[in-house]
Novice: 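Let me begin by handing over the structure; questions about it come next.
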Amino acid sequence: MYETPHFETNWHKHPEYELITILSGHGTALIGDHVCDYKVHDVFFIAGNLPHWFRKNHPQMSCAVLVVHFTGDCWGPGLLQMPEMKAIQALLKKNNGILLQKRLKKEIAPGIHALHAANGIEKLLLLFQLLQKIGTSSQYKILTEDFHDPAVAVNPAIERIIDYSFKHFLKPITLEEIAAIANMTIPTFCRFFKKNIKRRILISYATCASAMPVNC
C-alpha cells in the first residue's frame with residue numbers, strides 16, 4: 001500500500017506490471033500518452049515499462065492506493081505457453097494502460113485486497129484468477145494502446161522540465177521559469193523545445209516590469 005506522501009511519485013516506469021485500486025483521494029493520472037481523472041474505487045491495469053504518474057488535486061489531500069506489482073516471468077518460463085493461459089498471455093503481451101469498469105471493477109478491487117492479505121501459493125493463485133478475469137472481459141476502457149516510448153535515453157533537461165511541470169501543474173508556469181529549470185536562456189530554450197518536441201510553444205512569462213507573450 002502507498003499512502004501520502006509516498007503516493008506522490010514522479011513520471012516513471014518499471015518492468016513490473018501493476019494492478020492499482022484507489023483507496024482514498026482523487027486527482028489526475030497520466031498513463032502513457034493519456035490524461036484522465038482518478039477517484040476512489042477506480043482500478044487500473046498498467047503494463048510493464050509503461051510510463052505513468054498520479055497526482056492528487058489538492059496539496060493537502062490524503063491519498064492512498066493498493067498496488068500489486070509482478071513481472072511477466074515471475075512464474076518461470078513455459079507456464080504462459082500452456083493453452084489454459086491463453087487469455088493471460090494475450091493480456092500481458094499488450095503494452096496497454098486500462099481502466100476497469102462495471103462488474104469487472106467490482107470483482108477485481110476486492111480481489112486485490114484478498115491478494116494483499118494472502119500468503120504463499122495462494123497469492124499466485126489469486127493473481128492468476130484476477131488476470132484471467134481481466135483477460136476474458138471486455139468491461140474496461142483502453143487508456144493508451146500499445147504505447148511506444150520513443151525516449152529510450154531521455155535528455156536530462158527534458159526530464160527536469162517534465163518533473164517540474166508535473167509538480168507545479170496546478171499553477172501557471174512561465175516561459176522564463178521553465179527555461180531556468182533547463183539552465184537555458186529563453187531563445188535557446190525555444191530552439192531546444194522545437195527541436196526535441198517538434199512543436200512550437202506559445203506561453204506568457206513575467207519580466208520585472210510586465211508580462212508579455214512569447215511565441216517560440
Side-chain angles (χ1 to χ4, degrees), residues 1-75 80 85 87-147 166 169:
M1 180 185 296
Y2 296 93
E3 300 177 280
T4 299
H6 301 292
F7 167 80
E8 288 76 40
T9 59
N10 295 329
W11 175 247
H12 69 289
K13 65 179 180 179
H14 41 71
E16 295 83 7
Y17 294 79
E18 284 189 358
L19 264 174
I20 304 172
T21 181
I22 308 296
L23 304 180
S24 64
H26 57 88
T28 302
L30 176 57
I31 301 173
D33 55 4
H34 183 85
V35 180
C36 64
D37 294 330
Y38 72 83
K39 60 185 183 301
V40 176
H41 303 310
D42 278 348
V43 179
F44 296 87
F45 177 79
I46 301 177
N49 289 313
L50 178 58
H52 56 281
W53 162 87
F54 288 81
R55 273 290 185 273
K56 57 189 180 183
N57 276 350
H58 305 290
Q60 304 306 316
M61 181 186 296
S62 177
C63 289
V65 294
L66 190 58
V67 182
V68 175
H69 285 116
F70 65 96
T71 59
D73 59 356
C74 63
W75 31 70
L80 287 184
M85 303 293 287
I88 296 177
Q89 183 188 46
L91 176 67
L92 300 184
K93 275 187 173 181
K94 298 175 182 176
N95 198 29
N96 292 353
I98 64 177
L99 174 64
L100 278 54
Q101 297 178 321
K102 301 178 181 179
R103 182 179 175 181
L104 180 63
K105 178 177 75 171
K106 294 179 180 179
E107 291 179 348
I108 297 300
I112 295 176
H113 285 271
L115 195 156
H116 178 69
N119 293 299
I121 190 65
E122 187 181 358
K123 276 186 176 291
L124 186 57
L125 294 176
L126 284 171
L127 177 59
F128 282 149
Q129 291 174 2
L130 295 179
L131 296 179
Q132 178 71 11
K133 286 181 179 180
I134 298 173
T136 55
S137 175
S138 60
Q139 293 184 342
Y140 56 78
K141 177 182 179 182
I142 297 177
L143 304 178
T144 182
E145 186 171 11
D146 290 329
F147 180 81
F166 285 168
F169 77 101

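What you see below is based on every heavy atom in this structure, not just the backbone, and it leaves out hydrogens, waters and symmetry mates. Note that the structure is a prediction, hence the values are computed from the model and not measured.
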Novice: Between Phe44 and Tyr38, is the ring centre distance below 6.0 Å?
Specialist: no
Novice: Is the count of non-hydrogen atoms from other residues, nucleotides or ligands lying under 6.0 Å from His113 atom NE2 greater than 12?
Specialist: yes
Novice: Measuring from atom CD1 of Ile88 to atom CG of Leu131, what distance do you get when rounded to the nearest 0.5 angstrom?
Specialist: 5.0 Å
Novice: Are Ile98 and Glu145 close enough, and set up right, to give a side-chain contact (heavy atoms from CB on, under 4.5 Å), and what steps lead you there?
Specialist: CA-CA 8 Å; Ile98 64 177; Glu145 186 171 11; over 6 Å; no
Novice: Is a side-chain donor or acceptor of Lys56 paired with a backbone partner of Gly27 at a separation under 3.5 angstrom?
Specialist: no
Novice: Of all heavy-atom pairs between Thr21 and Ala109, which one has the smallest distance, and what is that distance?
Specialist: OG1-CB, 4.1 Å
Novice: When you look at OH of Tyr2, are more than 12 heavy atoms from neighbouring residues, nucleotides or ligands closer to it than 6.0 Å?
Specialist: no
Novice: Just verifying a value: how many Å separate Met1 CE and Glu3 CD, rounded to the nearest 0.5 Å?
Specialist: 5.5 Å
Novice: Nearest 0.5 Å please: distance from the CG atom of Leu50 over to the CD atom of Glu16.
Specialist: 13.0 Å
Novice: Taking side chain to side chain contact (heavy atoms under 4.5 Å, CB included) as the criterion, tell me which of Leu99, Leu91, Leu130 meets it with Phe45.
Specialist: Leu91
Novice: When rounded to the nearest 0.5 angstrom, what distance separates NE2 in His26 from CG in Asp42?
Specialist: 12.0 Å
Novice: Could you report the tightest heavy-atom contact between Ser24 and Ser62, atom names first, then the distance?
Specialist: OG-O, 3.7 Å
Novice: Looking only at heavy atoms, which two atoms of Leu126 and Ala118 are closest? And how far apart?
Specialist: CD1-CB, 3.8 Å
Novice: Ile142 versus Lys94: any side-chain heavy-atom pair under 4.5 Å?
Specialist: no
Novice: Kindly give the heavy-atom pair with the smallest separation between Lys133 and Leu104, and that separation in Å.
Specialist: O-CD1, 3.8 Å
Novice: Quick one: do Ile22 and Ile20 satisfy side-chain contact (heavy atoms from CB on, under 4.5 Å)? Show the steps, please.
Specialist: CA-CA 7 Å; Ile22 308 296; Ile20 304 172; 4.3 Å; yes
Novice: side-chain contact (heavy atoms from CB on, under 4.5 Å) for Leu19 and Ile134? Distances and angles first, verdict last.
Specialist: CA-CA 11 Å; Leu19 264 174; Ile134 298 173; 3.7 Å; yes
Novice: For the backbone of Asp146 and the side chain of Asn96, can you confirm whether one donor and one acceptor N or O come within less than 3.5 Å of each other?
Specialist: yes
Novice: Hey, are the side chains of Lys123 and Val68 touching, using non-hydrogen atoms and a 4.5 Å cut-off?
Specialist: no
Novice: As an exercise, state the distance from OG1 of Thr28 to CZ of Arg55, rounded to the nearest 0.5 Å.
Specialist: 10.5 Å
Novice: For the residue pair Ala47 and Asn95, what are the closest heavy atoms and their distance?
Specialist: CB-OD1, 3.5 Å
Novice: Going from NE2 on His34 to OG1 on Thr144, what distance comes out if it is rounded to the nearest 0.5 angstrom?
Specialist: 8.5 Å
Novice: Specify whether Phe54 and His52 have parallel, tilted or perpendicular ring planes, treating 30° as the upper limit for parallel and 60° as the lower limit for perpendicular.
Specialist: perpendicular
Novice: Looking only at non-hydrogen atoms, find the nearest pair between Leu100 and Tyr140 and report the distance.
Specialist: CA-CB, 4.0 Å
Novice: Using ring-ring contact (aromatic ring centres under 6.0 Å, His included) as the criterion, list what pairs up with Phe70, not counting sequence neighbours.
Specialist: Tyr17
